[in-house]
Structures are given as C-alpha cells and as structure tokens.
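Below, chain A is the first sequence line, B the second, and so on; all start at residue 1.
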Amino acid sequence: MQLRIAQAQISPVFGDYAANLARFGELAAQAVDEGCDLLTLPETALSGYFLEGAVIEVARPATTVLADLCASYRAACPAGRPLDVLVGFYELYESNVYNSALYATLSAADEPALLHVHRKVFLPTYGVFDEQRFVARGHRIGAFDTRFGRTAILICEDVWHSMTAAIAALRGARFIHTVSSSPARGFAGEVPWNVGKWLELLQSIAQEHAVFVTHTARVGFENGKGFAGGSAAVAPDGRIMARGPSLGEALLCATLDLDDLSVARANQPLGTDLAEAAGDLATEFADAVREARGEGTWA
Amino acid sequence: MGVRLPVVRGTQPDPADHSVLAVNAALLTDWLVAFLRDEVTVRRPFRTVVVGVSGGVDSAVTAHLCARALDPANVLGVRMPYRTSSPDSLEHAQLVIEGLGIRSVTVDISDAVDGLLRSEPDASPLRRGNVMARMRMIVLFDQAAKHHAIPVGTGNKTERMLGYYTWHGDDAPPVNPLGDLLKTQVRALARHLGVPEAVVAKPPSADLVRGQTDEADIGVAYENADMILHYLLQGYSAARLVEWGFCPADVHVVERRVNQTHWKRHLPATAMISSTAIGESYLRPTDYAPPAALPG
C-alpha cells in the first residue's frame, strides 16, 4: 500500500480565518490534481502563529473547523474523491484554547470524518515564545487508525522531546506527521540553524522507530520573525524523500510505500527492542519523575 | 612508567576566534530582502521607503537591501547634513545613492538645529547631538509623509545593546532590517552586497561632532565589543569571559553600557491602573487586523 502525501509549506494570512480557509480549498484542489491522498498544512495554518491575546478571537471548535474545511474542499473540488487532511489551528475545546492539529477525511459525497485531534503537549514559553500564556496544554500523545495505517501527530516542540515519538511508536504509529511554525534563528550555515536541527530530529526519529516521519513547516514573516520552512518527508531508514526550501512556499509531494517499513524494521529492529524493554523503562521513568519532583526514590 | 597516552585537551571559548560571529551573507541577504518586502508591501500598504543615507556602512547596507527588495525607483535616500558634518560623509552617501540608482534628496538640517539651539548657546555636545538625531528623525518622517512612504531604520544590534543612539531619534523608524545584526556582521553583509570599500572600511562615526568616532566614544573596538556581546547576551557572566581571556576593561565597559541602557530598548513606562493595560494585559501583535465583525 502507498500513501501519496502533499505537504503544503505555506505562509498563512495573519489573523484571517476566512482567507486561510479559502486557501485550503485551493491547496486541496492542487493536492487532488497531483494524485495525493493526504494533504498536510503547518501548525496554526488557519490563523498564523504569534497572535498573543488574539488567539481567543481566531480559535474555533474542531467540529466547526471540520465543517468549514469540508465546505471549502467541496467548493474547490465539487467531484473530489476522499482526501485526508491534517491541519494545524487554534482550537476552542471545553472553554479553553489549545494549539491543535486535526486529522480528517473529506469527500464531496460523504460526511466528513474527524479521526483525531492532537493538542500540543509541550508549549514553548521561553525566548521568542510565549505559548503557555495564551493556550492550554494538551495531555496525550495518541495514535489513531487511518485508511493508510496507524498514525500519530506531533506539533513543533513536541518533536524536540524524544519520548513523544517513542510513545507514538509504542502505540503502533507507522506514520508520525509533525507540523510547525518555527521562527528561523542562526544564519551562519547553508540553511537557518533550526532547519538543520529539525532535519536531524526527523531522521533520528525515523531511524530509531522505523516509521515514516513528515514535517510540514510554515514560511513567511510575522512582525519581523521569519518562519524557517524546510519541510521534509523522511523514510523509515532515515532517507530524505522530499525537502522544501527555507524561503518560499512549496507543495512537497512524496509517495510513502508501506513496504519500506518492513525493510527498515528487518534491518534495524530497535522498535522491537524498545517494546520489550518499555515495561522496565516505564518503572524507571516513574521513579525518575518522583525524584525530579523531590518526592524521593522507591526504596 | 608505561607509555603515556596522547592527551586531548578540551577547549573554552576563545576571544580571538571571531568565527562565532560568522554569517552566511547570501542567505542573510535573501532573508532580509524577504523581510523588507513583507513588512513594507504585505503587512503595510506601501511600495516606497525612505532611508537616511549618512555615508556610513549601516545606512549603505540598508539602502542596498531596500533597493533589492523594492526596486531602486522605490527607495528614496535622504542625505541630512549639518554644517559641521564631515564632507566625506556627504560624498560617501552620494556614492551609495549613485551606485544603487535610487532616488535622493538632500535636506540640510543646519538652520533647523541652529534655530532650536539659538536660545541654548551652552548646550553640551551630547545635547546638540541628540537634537541633530531627532531633527533627522523629523525630516525622515516628513519625507515619508510627502512621498507616501515608510521610513526604514538603519540601527544595528551593537549600538542598540550599548545604547549608543538617541532614543526616539535613530531608533524611531517602524521597520529595521539590521537591528539583530552586530556591527561585524553588518560589515560582512556590506562586503557581500558590494558596498564601496571606502564606506565599509572607514572608522564608524555618528558624525555629530567633528572628528568623532564611535569606538572612541564607546571605549571599545567594535570587533571586541561584538565578541563580548555575543557571549554576554547568551547569559555567560563577565567573570567567565575574563576567565576565557577577554580584556577585563573591555568586558566592564560593555557590561556597564548594556546594563545602563535597558530603558532605551523599551517603550515608556506607563502607570498600570486597569487589568487591560496596553502591552501588559492587552497584547495584540502590531500587524493583527482581523476583518471587521460589524459594518463600519
């Protein structure tokens, strides 16, 4: 089985939900034309990222976003076949605002199906970031079934903590789709420093867990902060299948063949080792957490 | 005694290793050009910018970037000499303007400055310099209004961190491409962009007083100040820097200047009375403009 993915490295219109919805329709039409099954958009793709106190004004419930995405898709592709979509947005959920990403299946004929909403767990609140001031923290790293196989979503800093990918892999994810709005820092190398760092992270996750890893990053500027781009699709052996530019929009199209998973897992079965040791590690982890909280260790 | 192993010693940051300040000038140019296009034409409704061209390297680099971002025809270079300004400054500014093919205007600020200071004959050089810097700000904003343009600032990170500028003068323009680049990095960018070597290599000067140089005013060479800033801004202490071999007097000057000028890098302190204080509780980005919910 193959998953043909289209990753939209875009610059959202700042603070304009309606304009970004319309853009989504155009992107969906292009993804369908390219023969793709899944279209991914970056973190906070329906509003832009650095909204500060205005997050409350652009946040929507996932069900509203789903209906709006579906309407936009049907307007752009009246005879469109089923298209899976992954979209980052500020979510209103149980009266709190979250930095979320939804995964859904849209079609012209059938009702849209919301398969999963991931709420960002690690909210950067340092340096240029101030997320925890404005949005609530998610608590779960879930995995869910799609027509292409078990899948997980991580948002930006979620990816920078190795345990999130490990949890997703233990839950059986074959695809880990990541999205970001990552402001570029460090201009000494060929690409901004964080673009290179992201690629290292993606390849490391793919190789450790023998999973497909995609990263859909945004570009464009918000008040002087330029987003780094560098979207990528990485095969389970760490091979880079597609890579976006650091400046400028692009639609990355790649074919993820599930046969590649078994090849990678046969060659380097670290995932099996992790599954076997995970029980012991869970005990160790709980112990370490108690220690870190100053509650002493188990005798 | 047996065979001794070769020893590999760890290293500490080296004050002589200036590679930590290196930039990829080509990548940086593309980035700053994209930034200027976005700030001027996408997030704000302008096509034209106004740049004060002093004859120094910062304004030359800014003018080059603006010309690349917006087309030379959409850049107005403004020369603003005072009667004591160095003739070299005016010539170098003209060199930059002609080299880029941008539009230009010369507004002599002597009458305005002298008129204001006529009743203050004993004003110190510092006061006179501040008046000149603020007069240039008035000229820039006025020229911007005349040409339906937006002023672009030229201040670099070194002078911003050292507080070596006039508050609400040089720092007033709403768009600034160089404000996060140290002077050394601006020079590297200048050479990449093809700024005339006469402009890049000359001793930087605010040119407010005859014979003045930045480095004499500041008390530390820019190269050293930038290295010290590079580490201080990451959170390393002055004591660590001295331990690594930095000149204690230079570190002291830089640290003191940074710590005495935090106020210059902020908007005015406003007495907070409500729970919706602007900039404290009510936080909206500068370019946030949602579609109107009600008919206007």
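Residues A:Phe14 and B:Pro285 share a closest heavy-atom pair of CZ-CG, 3.7 Å. Closest non-hydrogen pair, A:Pro192 versus B:Trp31, comes out as CG-CZ3, 4.3 Å. Smallest separation of non-hydrogen atoms from B:Ala22 and A:Ala188: O-CB, 3.4 Å. Between B:Arg284 and A:Glu57, the shortest heavy-atom distance links the atoms NH2-OE2, 2.7 Å.
Residue A:Phe50 touches chain B through its backbone alone, counting heavy-atom pairs closer than 4.5 Å. Heavy-atom distances place the side chain of B:Arg43, and not its backbone, under 4.5 Å from chain A. Of the two parts of B:Asp38, only the side chain, counted from C-beta on, holds a non-hydrogen atom closer than 4.5 Å to a non-hydrogen atom of chain A. With a threshold of 4.5 angstrom between heavy atoms, A:Val13 does not approach chain B through any atom at all.
Interatomic distance, CD of A:Glu52 versus OH of B:Tyr282, reported as 10.0 Å (0.5 Å rounding). Rounded to the nearest 0.5 angstrom, B:Thr286 OG1 and A:Asn223 CG are separated by 3.5 Å.
Of the residues considered (B:Ala34, B:Ser19, B:Ala26), B:Ala34 shows the highest number of contacts with chain A, using heavy-atom pairs under 4.5 Å.
The only option from B:Leu27, B:Leu181, B:Asn24 that meets the side-chain contact (heavy atoms from CB on, under 4.5 Å) definition with A:Phe187 turns out to be B:Leu27.
In B:Ile278, the CD1 atom is not crowded: 12 or fewer heavy atoms of neighbouring residues, nucleotides or ligands sit closer than 6.0 Å. The number of heavy atoms from other shown groups lying within 6.0 Å of CD (A:Glu190) does not exceed 12. Enclosure of atom CZ in B:Phe141 by more than 12 non-hydrogen atoms of other residues, nucleotides or ligands within 6.0 angstrom is indicated. Heavy atoms of other residues, nucleotides or ligands lying less than 6.0 angstrom from CZ of B:Arg47 number 12 at most.
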request  = Could you check B:Arg37 against A:Phe221 for side chain to side chain contact (heavy atoms under 4.5 Å, CB included), going step by step and ending with a plain yes or no?
outcome  = CA-CA 10 Å; B:Arg37 282 187 189 134; A:Phe221 285 81; over 6 Å; no
Let me see the working for B:Leu283 and A:Phe134 under side chain to side chain contact (heavy atoms under 4.5 Å, CB included), right down to the final yes or no. CA-CA 10 Å; B:Leu283 298 169; A:Phe134 302 110; 3.6 Å; yes
